[in-house]
Each structure stands twice: as structure tokens, then as C-alpha cells.
Amino acid sequence: MTDHAVSTTTRQVLLVVVFAVQLVLMLPSLVAHPHGPAAWFAYCLLTAVLGIVAGHVATGTPTPPLLAVVPLAASVLVTTALPAGASLDDPDWGFGLVGWYLLLVLVERPKALVVALGVHICLSIAWFAHAGNGDVGTAGVVILSGTSFQVGVLVITRVLHRDARLAAEAAAEHDAARTREELARQREQDLKAGFEGQLGALLPLLADLADEQVSVADPTTRLRCSVAAVQLRRLFAENDDVPDPLLHELTACVDVAERRGVVVSLAVSGTATPVPTEVRRELVAPMAQALAVAHGRAKVSLLRTADEVRVAVVADAPETLPAPGRPVAVTVETSVHGGLVRSEARWRTA
Amino acid sequence: MADGVTAVLVDDHPVVRAGVAHWLSTADVHLVASGEDPEVAWTGPGAAADVVVLDLHLNSVTPATAELRRLVEDGRRVIVYSMRSDDEIALQCLEIGALSYLTKAEGADHLVQAVKAAARGQSYTPPALAGALAGDRSETRPALSPRETEVLVEWFQSESKEFVAQRLNITLSTVNSHLERIRVKYAAIGRQAPTKAALVARAIQDGLIGLDDL
């Protein structure tokens with residue numbers, strides 16, 4: 001239950017309580033004892049307040065705190081209109097009722113309520129003392145029973161409010177934790193899906209090897225293995241947190257080729273520029289393919305000019321390179337001259 | 001000493017000095033002096049050598065650009081020989097007036113060609129330097145034609161002029177003259193140096209480049 005719901009319910013309950021107290025408890029007391037017109041006027045004033053608060057509760061708007069002036073005025077009227085010695089005794093129908101009214105109007109403002117109740121009680125006690133002939137014992141019981149009830153209700157309301165707030169905070173914290181958990185799960189799934197998508201030639205190759213449909217003795221299979229090795233090595237490098245990711249991925253591919261015995265030279269020119277991951281994949285792919293099938297020597301170069309990033313490879317390699325997929329963002333050009341394969345991927349930064 | 005080219009080498013590593021001496025001797029270039037102190041290029045037989053091969057990092061982290069400037073201002077033909085493939089330093093050395101910038105990762109062939117070209121007062125652009133020129137983003141860089149840029153990039157990528165010639169369907173000498181024109185354009189910018197002025201004057205005399213191109 002939220003703070004707002006607690007407030008609404010409290011006001012509704014108080015409204016019913018006040019209505020019941022006014023009609024069932026106080027009206028008979030008012031009728032049973034002889035009272036002047038001032039008492040009846042006060043009764044009407046309080047009934048009007050009941051009507052106004054009921055209106056505010058019905059529309060869900062907050063009760064204006066200044067309305068508390070009316071019950072206080074009624075308190076003055078009722079108390080001063082009482083016959084001598086009747087104060088804080090049976091005929092004092094107004095003492096308890098005004099307290100309930102103050103509670104009804106000021107339940108959301110505990111400090112103001114305590115002050116208003118204090119004023120009301122002090123006024124009654126003062127009038128009691130002024131008349132001088134009342135029974136102190138009865139008066140004490142009336143004050144204690146009336147106010148303790150009202151203060152009790154106030155305390156319960158505050159406790160309910162606090163609990164509602166704590167519950168709301170706990171719920172919010174729980175929701176936030178759920179969201180974080182969901183995000184982490186989603187991210188992991190995305191990463192996994194991305195990996196599966198990028199694994200390319202690897203999964204079919206592993207399946208073929210497991211099913212013994214291909215043999216590593218076959219040069220074609222070995223070629224597929226080296227292509228998959230370069231792809232995998234590049235994929236591992238892709239998510240590393242490094243200042244120059246493109247160069248990092250190129251170096252990773254060069255590393256795999258060198259392990260295979262290819263003599264690779266890597267030349268870099270120009271300063272690092274940010275390249276999106278998708279574009280990096282496409283830029284590196286043709287060169288990775290060429291390195292995977294290269295034998296002997298290869299030269300890899302990375303050139304970054306003001307408006308272009310160019311990754312090129314010139315290698316001793318079979319004339320037919322495996323297709324590197326269909327690039328979207330980059331232009332790939334592959335050609336063969338004098339036994340050397342040259343493959344270049346270009347990406348315009350601007 | 002068939003063509004009588006002499007060179008002096010300033011490098012702080014004995015093994016580099018021995019290696020370079022061997023490479024040059026097999027290519028008919030006489031290394032008349034070598035040492036770790038730049039003074040070998042100013043005194044004794046080194047003072048008269050045609051070409052100075054200067055290591056840019058002599059026992060220090062700061063590049064010896066001041067030494068390069070002193071040699072260039074004296075009219076010496078200098079090849080910078082560095083272990084670092086740093087584009088910015090390479091371009092700075094060209095701006096000062098070095099005829100070539102070679103990284104130690106580049107082999108004997110490039111060093112010999114650079115020394116021979118320098119002895120004739122000509123520039124030599126090895127692949128790494130071509131890459132630095134192609135990636136040059138400085139505001140003062142000269143305007144290169146699309147063909148010149150393509151030659152630079154292809155040479156950087158393949159390290160083979162024959163391959164560049166085949167790729168672009170031009171002759172080997174056209175590849176070389178494109179590279180030469182690019183270097184002349186670079187020589188025409190920045191501070192004045194005798195070697196740079198000679199490079200430009202020669203190119204205009206040979207009809208390699210017109211005044212309008214500069």
C-alpha cells in the first residue's frame with residue numbers, strides 16, 4: 001500500500017468515525033441536556049466541516065488545514081455555552097467531538113494537530129477551572145479517555161505511513177534489482193548470440209569433424225581450420241578494452257598466421273580513429289581470410305588518412321580466396337598480380 | 001668503389017655499425033667512418049663523405065633532430081636511420097631536410113638504394129615513409145594528385161614497386177617519378193634547406209615537375 005493509499009483510507013475511516021461519534025454519541029447528549037442556541041450553532045458548524053471534508057475525500061483532494069479553525073471556534077462556543085459546572089462532564093458533548101474533528105482535518109499534519117488539540121484541551125481545562133465547581137475526577141477521566149483515543153489513532157496513522165513508505169522503498173529496490181538482473185541476462189544473451197553469429201565457419205567445421213565427414217589429413221580441411229582459427233582469434237580480440245581496437249584485431253590475426261609459419265610484416269600509418277565494431281569486422285575479414293590461406297610471406301598494412309581507413313594485405317596465397325561474406329559498410333577489392341594476392345578493404349570515415 | 005660513393009654512419013650500436021658496413025660494402029658503397037658520436041661526420045674522413053647515415057636515437061630518448069639540422073644546414077646529404085616508425089618524426093625529419101627516413105625494420109635493399117639516391121642528391125621514399133606521407137593530416141601538407149596518392153598507398157601496402165607498376169598498369173620508372181614528384185612537393189614546403197632546394201631545382205630542370213605544381 002502506498003503513502004497515498006494510506007492517507008485516503010485513514011481519511012475515509014476517520015470520516016465514518018466522526019460521523020458516528022457526532023450522530024450516535026453526541027446528539028443524544030446534546031438533546032438530553034438543556035443547551036442554548038450557541039450549542040446548536042456549534043453543532044451545525046461541525047456538521048458543515050464534516051460535509052466539506054467528505055467532499056474533499058470524495059474528490060481525492062487534500063483538506064485545507066485552515067479548516068481546523070472551525071472546530072476550534074466550535075470548541076470555544078460549546079465550552080463557553082455550557083452551564084456552570086457542566087464543563088468536562090456528561091453534558092459537555094463538544095469536548096470529545098471537537099478533538100475528533102481536529103484529527104479529521106489535521107491528520108496529515110501531526111505537529112499542527114498536536115498544537116490544535118493542546119489549545120482545545122487547555123481551553124476546556126481553563127473554563128473548567130474558571131467555573132470552579134466541577135468534579136476533578138470525572139474531568140480527568142473525560143480528558144484522558146477522549147484524547148488518548150485520538151492520540152492513539154494519530155500514532156497508528158503515523159506508523160502505517162512509515163510502514164507504507166518502507167514497503168514502497170523495498171518494492172522499488174526489488175524492482176531495480178529485477179531490472180538489473182534482467183539487463184545482465186539480456187546482455188549475456190546478446191553476447192552469446194553475437195558470438196554464435198560471428199563464429200562463422202567454425203561451427204559447421206566442428207560438426208563435420210565430429211561426424212568424421214571430413215579428415216584433417218585433407219588439405220581443404222586444414223585450410224578451413226586455419227580460416228576458423230583466424231576468425232576465432234579475431235573474435236576474442238574484438239571485445240578487449242584497448243586504445244586502438246582495429247590494430248589490436250589486426251595484430252591478433254597476424255599472430256595466428258605467424259604461428260602457422262607465415263612471415264608477416266605489419267605496417268601502420270596515421271593516427272587511431274574510432275571505427276564501429278561492425279565496420280571493424282568487415283575491414284579485418286578480407287585480410288583475415290587472406291592470412292588464413294597464405295603461405296610464405298604476407299604484408300599487412302593499416303593506413304588511416306583524414307577521410308579513409310584502409311586495411312590491405314599482399315600475400316603469397318592461392319588465387320581463389322574463400323569468400324569473406326558480403327560487406328555492407330566497406331569496399332573490398334581483391335586482385336592477383338605476379339603470384340601475389342592483394343586484398344584491400346576501405347572504409348570512408350566522413 | 002666503382003661509383004665512388006662514400007658514406008659515414010652515426011649509430012650508437014656496434015652491431016648496427018658492423019651490419020651497415022657489410023651491407024654497404026656489398027653494394028659498392030665505401031663506409032669511410034662510423035661511430036657513436038656525431039663528430040665522426042664532421043672530422044677526419046667522415047667530413048668529406050657523400051652521405052651521412054644518422055641514427056636518430058643516440059643514447060637518448062629525445063631524437064637527435066638538432067644534429068640533423070646542423071648537418072643539413074651545412075649542405076650534407078643525410079639519411080635518417082631510426083628504430084622508431086613514428087609518422088610524426090619521419091615527417092619532421094623530411095621538413096628539416098633529410099633525403100630519406102628509414103626504419104631499422106626495413107632491410108638492406110632500402111638502405112643501399114637510399115644511400116645511392118642521396119649520393120646523387122635525390123630523395124628515396126621507403127614504404128614506411130610512403131605510409132607516413134599518405135597518412136599525413138597536417139594543414140601544410142602539399143596537394144597530391146589522386147594518382148600520386150594511389151602510388152604512395154600501393155607502395156606502402158605492397159613494398160614492391162613491380163607490384164605497384166602491375167597493379168596501376170604503369171612502368172617502374174613512372175612509379176619512381178611519381179614518388180620523386182611527391183618528395184619534391186614536400187621539399188618545396190616548410191623551412192629552407194640546401195638539399196631541399198637542390199631537389200626542387202633538379203626536378204624542375206629535368207621537367208619532372210612544373211612551377212605550377214608547387
Side-chain angles (χ1 to χ4, degrees), chain A residues 244 246-247 250-251 254 258 263-275 283-284 286-287 290-291 294 296-317 319 331-350, chain B residues 82-92 94 101-107 109-110 125-146 148-172 175 182:
Chain A
D244 192 343
L246 180 58
L247 182 58
L250 290 180
T251 316
V254 167
E258 282 178 334
V263 180
V264 190
S265 66
L266 172 64
V268 184
S269 170
T271 46
T273 35
V275 183
L283 276 174
V284 177
M287 160 269 180
L291 277 190
R297 303 181 67 89
K299 156 109 194 214
V300 176
S301 63
L302 167 62
L303 174 65
R304 290 173 281 209
T305 64
D307 51 6
E308 236 182 353
V309 177
R310 304 172 70 159
V311 177
V313 59
V314 177
D316 296 328
E319 292 195 5
T331 329
V332 179
E333 194 197 335
T334 305
S335 56
V336 182
H337 298 276
L340 289 175
V341 167
R342 174 187 182 274
S343 190
E344 187 194 30
R346 300 168 70 159
W347 178 62
R348 293 199 73 82
T349 48
Chain B
S82 170
M83 59 175 183
R84 283 179 61 188
S85 58
D86 182 325
D87 292 356
E88 210 175 316
I89 299 266
L91 293 171
Q92 196 191 341
L94 291 198
Y101 183 97
L102 282 158
T103 59
K104 285 179 181 171
E106 288 168 308
D109 190 35
H110 290 300
T125 311
L129 183 59
L133 295 176
D136 184 7
R137 295 186 202 180
S138 63
E139 302 226 325
T140 54
R141 68 177 189 275
L144 303 182
S145 73
E148 285 166 352
T149 308
E150 212 42 35
V151 168
L152 259 191
V153 172
E154 295 270 353
W155 171 226
F156 165 65
Q157 290 176 341
S158 68
E159 289 182 2
S160 160
K161 283 181 185 169
E162 289 78 14
F163 189 82
V164 178
Q166 279 192 24
R167 275 269 307 150
L168 301 178
N169 206 14
I170 50 178
T171 62
L172 203 58
V175 173
I182 294 161

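In the text below, chain A, chain B and the rest are named by the order of the sequence lines, each starting its count at 1. Because the structure is a prediction, the values reported are computed rather than measured.
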Could you tell me which non-hydrogen atom of [X] sits nearest to which non-hydrogen atom of [Y], and how far apart they are?
| X | Y | result |
| --- | --- | --- |
| Gln157(B) | Val314(A) | O-CG2, 3.7 Å |
| Arg137(B) | Thr305(A) | NH2-O, 3.4 Å |
| Leu303(A) | Gly131(B) | CD1-O, 3.7 Å |
| Phe156(B) | Lys299(A) | O-NZ, 2.8 Å |
| Asp87(B) | Ser269(A) | OD2-OG, 3.2 Å |

Roughly how far, to the nearest 0.5 Å, is the OG atom of Ser335(A) from the CZ atom of Phe163(B)?
-> 5.5 Å
CG on Leu340(A) to CD on Glu162(B), rounded to 0.5 Å | 10.5 Å
Given that the side chain runs from C-beta out, which part of [X] has a heavy atom under 4.5 Å from chain B: side chain, backbone, both or neither?
| X | result |
| --- | --- |
| Ser265(A) | side chain |
| Val300(A) | neither |
| Glu308(A) | neither |

Glu154(B), part contacting chain A, at a heavy-atom distance under 4.5 Å | side chain
Could you tell me which portion of Ala128(B) (side chain, backbone, both or neither) has an atom closer than 4.5 angstrom to a non-hydrogen atom of chain A?
-> neither
Just wondering, are more than 12 heavy atoms of other shown residues or ligands nearer than 6.0 Å to CD in Glu88(B)?
-> no
Under 4.5 Å, counting heavy-atom pairs only, tell me which of Glu344(A), Arg304(A), Arg310(A), His337(A) racks up the most with chain B.
-> His337(A)
Would Arg297(A) and Glu159(B) pass as an ion pair if we require N to O under 4.0 Å?
-> no
